Amino acid sequence: MTKVRTGWTLAIHGGAGSMTPETLAADEAERALAGLRAALDAGGAMLEAGGAALDAVAIAVRVLEDDPAFNAGRGSVFTWDGHIECDAAIMDGRDRRAGAVAGVTATRHPIDAARAVMERSPHVLLSAAGADAFSAEQGLEQAPPDWFATPARRRQLDEIKARPDLPFDSGMKYGTVGAVAMDATGHVAAATSTGGLTAKRWGRIGDSALIGAGTYADDRAGAVSCTGSGEHFIRLAVAHELTARRRLVGETLGQAADALIAELSALGGKGGFIAVSPQGDALWRFNTPGMFRGLARDGGEATVAVFGEPVGTA
Ligand code: ASP
């Protein structure tokens, strides 16, 4: 049966974090907001042309990975040892196919590697050197360590190493990126990409690469991309539970989102998420002072923000 065109929705985030209107420099905020607009333009153009939600979230995240303002691809945070290890995941709500990579160091667009895992391997999650080898074998663009490194992220590492008394997730500087979309045929998809937490060590992997924790998409319920203190998102399986509550308990996307952000706060977790439903509703929630986010719809103005209402439905 052919579905009737229902319009399209694209929501993106550029990370939740401890920035406040007082601490976030105006030029830094403007650079990040401009990056979000560029990602909405790229993903929105794809959806407007009748493209699939999967392609739209992939291209939106790709644009943000190349933007040094964000903690994903170029501009990723440094590990304790001074390396950059990226995590990314993508999921297609049509058939719940998914792909992810963790700890990749040489793939210019980690989201492309995640997609290649989904489409060209029998696996869901590949890690570290093996994941980089797979991505090179697949002909994906490789980049040297210098491509990913920025002075601002190096300074953040130095600051954190000078304060070993701080909790490990004080390294949660904003910048993880994600996208969720519903396309004109009513299918949904989600994608997330990150350098993780500043000064992470021992091969630490966050929620972004874990299907069900930081990334999930299911045509029966919606698509979700998270950002924040990854360990809490893993423990709560936030992205999957949000969709499961809708599917199994019949909650609205908003009710499920409220429940999850309350649980996150109760466990001491920090961060937020964006979600879309197969009907094209979009929402965001965050319990940090800010979260970079953006929304575009067919026939509407694209909007971007960082502070303001932590509970949003559109
Ligand atoms: N959730 C990411 C992680 O824990 C970090 C972030 O969103 O800033 O790796």
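Fair warning: this is a prediction, and the values are worked out from it, not measured in the lab. In listed order, ligands and their atoms are each counted from 1.
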Checklist line | Per-atom contacts, ligand 1 versus D207 - under 4.0 Å to a heavy atom | finding: 1 (N), 2 (C), 3 (C), 4 (O)
Check: Near T227, which atoms of ligand 1 are under 4.0 Å from a heavy atom of that residue?
Finding: 6 (C), 7 (O), 8 (O)
Next item on the list: With atom 7 (O) of ligand 1 as the reference point, say which of G230, G206, C86, G228 has the nearest heavy atom.
Entry: G228
Next item on the list: Can you pull out the closest protein heavy atom to atom 9 (O) of ligand 1? Residue, atom name and distance to 0.1 Å, please.
Entry: R204 NH1, 2.8 Å
Margin query: Under 4.0 Å between a side-chain nitrogen and a carboxylate oxygen: does that hold for E159 and R155?
Written below: no
Notebook entry, point to check: Which ligand 1 atoms, with their elements, are less than 4.0 angstrom from a heavy-atom of G196?
Noted result: 9 (O)
Checklist line | Short side-chain to backbone donor-acceptor contact, R293 and F307, under 3.5 Å | finding: yes
Check: Do any N or O atoms from the side chain of K200 and from the backbone of G206 form a donor-acceptor pair under 3.5 angstrom?
Finding: no
Check: With a cut-off of 4.0 Å, which atoms of ligand 1 are near a heavy atom of T176?
Finding: 2 (C), 5 (C), 6 (C), 7 (O), 8 (O)
Check: Any side-chain heavy-atom pair from T79 and R201 closer than 4.5 angstrom?
Finding: no
Notebook entry, point to check: Would you say the side-chain atoms of R285 pair up with the backbone N or O of I274, donor to acceptor, closer than 3.5 Å?
Noted result: no
